[in-house]
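To start, the structure under review is shown below, and the notes come after it.
First listed ligand is number 1; within each ligand, the first listed atom is number 1.
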Amino acid sequence: MKPPTIPVAKPWMGQPEADAASRAILSGWVTQGPEVAAFEREFAAAVEAPYACAVSNCTTALHLALLAAGVGPGDEVITASHSFIATANAIRHCGAVPVFVDIERDTYNLDPRALAAAVSPRTRAVLAVHQIGLPCDLRAIVDFARPRGLPVIEDAACAIGSEIRRDGRWQKIGAPYGDVACFSFHPRKLVSTGDGGMLTTANPEWDRKFRLWRQHGMSVPDTVRHGSAQVVFEDYVEVGFNYRLTDVQAAMGREQLKRLPAMIERRRTQAARYRQLLSSVAGLGLPAEPDWARANWQSYCVRLPNGASQRAVMQAMLDRGISTRRGVMCSHREPAYATAPWRAGGSLVESERAQDGAIILPLYHDMTDADQERVAAALREALA
Ligand SMILES: *Cc1c(COP(=O)(O)O)cnc(C)c1O
């Protein structure tokens, strides 16, 4: 009998999350309410951020972050093309133009040395991605952006629990460094609420705007109206959005957050195990962690040896019951960007090479040592 297929990713959740969702459902308050407020407090504490605002997903978080940074029609935002398409799309949602810069070969993250050539008089912000959970070089990016008056927005969709060293001290992604960080709770990330997102910032004015915009620009949140002994009439002070997270999702998220330290510990062990199993494979490039960064290992990405066919390797592994994904996409190569306004801020050759020459191996909490050995053996055979 064929052994079961090993998936590329799988969320780690169970009865506590189901009970929490049930608690919210039976409480009589199901949309944004007390569970969302508690989830925000607990998330802020977990990453040591002064403010945390929950929204419907990371794409809407990025949209609000860009709006707070003042990005509007005709503006340019420097970012990586080598990212999930939501990064670039959020810029487009503001009517602005993504300016794509290349990534570093070893870290798959935005190359700070590429920023200078991408700047124009229309540049309004830098959108930096912590790709697959490895922190990007925020120090170099912030040192570049701040003197030019450019806000730094962190796409931290994959980077919950990842850490970066700043002034000799380790801090979590989401603690103040850039101007705002945006997280995702999609099932492909570590902590999941099905769908969901979070914005963290040290800027009270931006946090106030996020809260206003996520709920239709309503001056008085419905939780406040609901709890008031006086009749309250609300105003709609700006054209906002419905970007709310629900209390059912937030209740799940609070349980997921309790699991985060165990999730990360497990993934660090598994990443070390992959390194052990794969370091002797000739020509295979294993992921690098700079000495100032600690990944949460949202994904484990390996670079195939020169000349190996990505599709053939992935197919050979699938034939052996191992699911993989190709390297992170490049937005500028997608049909949606064929005629859309965007600009290359320089060469994108490393971005394209990473998409075409890397694959993502299975990694999830329940994955056993034997599963990892099966993956390593299948990869060896596929390359042989
Ligand atoms: C997943 C992801 C997003 C989008 O997150 P959603 O919560 O699904 O909207 C954005 N950027 C990156 C880098 C991602 O990996």
* Which of the numbered atoms in ligand 1 are below 4.0 angstrom from a heavy atom of Ala157? -> 2 (C), 3 (C), 10 (C), 11 (N), 12 (C), 14 (C), 15 (O)

* Asked: Does some side-chain heavy atom of Val97 sit less than 4.5 Å from a side-chain heavy atom of Val77?
  -> no

* Structure fact -> Counting from 1 in the order shown, the ligand 1 atoms closer than 4.0 Å to a non-hydrogen atom of Asn57 are 7 (O), 9 (O)

* Min N/O separation Asp155 to ligand 1 under 3.5 Å -> yes

* Please determine, by modelled atom types, if Ser331 and Glu334 share a side-chain donor-acceptor pair under 3.5 angstrom. => no

* Looking only at heavy atoms, is any part of Thr59 under 4.0 Å from ligand 1, and if so is it the side chain, the backbone, or both, or is it neither? -> both

* Structure fact -> So the atoms of ligand 1 within less than 4.0 Å of a heavy atom of Val129 turn out to be 13 (C)

* Asked: Will you find, in the side chains of Thr201 and Asp207, an N or O donor that is under 3.5 Å from an N or O acceptor?
  -> no

* For ligand 1, does Ser83 get within less than 4.0 Å through its side chain, its backbone, both, or neither, judged by non-hydrogen atoms? -> side chain

* **Matching residue for Pro16 among Gln256, Arg259, Met252 - test: side chain to side chain contact (heavy atoms under 4.5 Å, CB included)** => Arg259

* Side-chain donor-acceptor pair under 3.5 Å between Arg214 and Gln32, yes or no? -> yes

* Decide whether an N or O pair under 3.5 Å exists between Leu62 and ligand 1. => no

* To do: Look only at interatomic distance and state if Ser184 has a nitrogen or oxygen under 3.5 Å from any nitrogen or oxygen of ligand 1.
  => yes

* Asked: So, does Cys158 sit close enough to ligand 1 that a heavy atom of it is under 4.0 Å from the ligand?
  -> yes

* What pair of heavy atoms forms the shortest contact from Leu304 to Leu383, and how long is it? -> CD2-CD2, 4.4 Å

* **Partner of Arg124 under side chain to side chain contact (heavy atoms under 4.5 Å, CB included), chosen from Ile78, Val71, Leu66, Leu150** => Val71

* Heavy atom of Lys189 under 4.0 Å from ligand 1? -> yes

